[in-house]
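See structure below.
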Amino acid sequence: MKHIKKLALCAGMLLATQAALAAEHLPFYYDVGYTFGQIKAEGVSLNVGDINVGVGWLPVKWLGLEATGMFGVTSAEVGGVSLKIDSGYMVSVVPTLPLNDDWSLFAKVGYASASLKASDGYSTISGSDHDTAFGAGLQYTPSFGRYHLGGRLEW
């Protein structure tokens, strides 16, 4: 299914807003966000969305490893058929370039898998696929004492 393959690629490239909270002395962090997505196949564009939750580990200051899970919350309709991201995940390497103490640029490359569900009200079908995923973004994480609370804009 072309839809699923494009969805897996989009998982790493979609615009996302995520909040991150991590202790300064701990190399771990987590994030929660909403992804606005678009599935394009055979001349049709469908807007969908998902909630995503991730955890990350910073073995060195400028390089992270992330695992993110996603759960579809909005669907799109075409020809009486509702299309929705059912669930998915992404595992990625995240190199970071600090611009100053609060701002940094980052990139992502990894592996993504997603399942898609289609329903016409009477029957439901689903499928899944996986592929390489990548993206880039800007991160703002100001310090509040020992903690960082911030946001991320990702494509």
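With sequence neighbours excluded, the residues satisfying side-chain contact (heavy atoms from CB on, under 4.5 Å) with Ser119 are Thr124. Looking at residues two or more places apart in sequence or on another chain, you find a side-chain hydrogen bond (donor to acceptor under 3.5 Å, both in side chains) between Ser87 and Ser115. Legend: residues meeting side-chain contact (heavy atoms from CB on, under 4.5 Å) with Pro95, ordered by chain and number and at least two apart, are Leu63, Val93, Ala107. Taking Trp62 as the reference, Val60 meet the side-chain contact (heavy atoms from CB on, under 4.5 Å) condition, with sequence neighbours excluded.
Here the CD1-CD1 distance, from Ile51 to Ile85, works out to 11.0 Å after rounding to the nearest 0.5 Å. To the nearest 0.5 angstrom, Asp86 atom CG is 7.0 Å from Ser126 atom OG. Separation of atoms CD (Glu66) and CZ (Phe106) is listed at 7.5 Å; rounding is to 0.5 Å.
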message: The test is side-chain contact (heavy atoms from CB on, under 4.5 Å); show your working for Asp31 and Arg152 and say whether it passes.
response: CA-CA 9 Å; Asp31 58 52; Arg152 189 185 264 189; 3.9 Å; yes
task: Would you please test Glu154 and Gln139 for side-chain contact (heavy atoms from CB on, under 4.5 Å) and show each step?
output: CA-CA 8 Å; Glu154 183 177 323; Gln139 182 170 279; over 6 Å; no
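Grouped by direct or indirect side-chain proximity (heavy atoms under 4.5 Å, Ile/Leu/Val/Met/Phe/Trp/Tyr only), Leu99 sits with Leu97, Trp103, Leu105, Leu138, Tyr140. In this structure, Val81 shares a hydrophobic cluster with no other residue, the cluster being traced through Ile, Leu, Val, Met, Phe, Trp and Tyr side chains under 4.5 angstrom apart.
Taking the six-membered ring where tryptophan is involved, the planes of Phe28 and Trp57 are essentially parallel, since the angle between them stays under 30° and well short of 60°.
Pairing each heavy atom of Ala112 with each of Ala133, the nearest pair is CB-CB, 3.7 Å.
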Indicate every side-chain donor-acceptor pair of residues 70-80 with a distance under 3.5 Å to a residue at least two apart or in another chain.
residue: Thr74; atom: OG1; partner: Tyr34; partner atom: OH; Å: 3.4
residue: Thr74; atom: OG1; partner: Gly49; partner atom: N; Å: 2.7
residue: Ser75; atom: OG; partner: Ser82; partner atom: OG; Å: 3.3

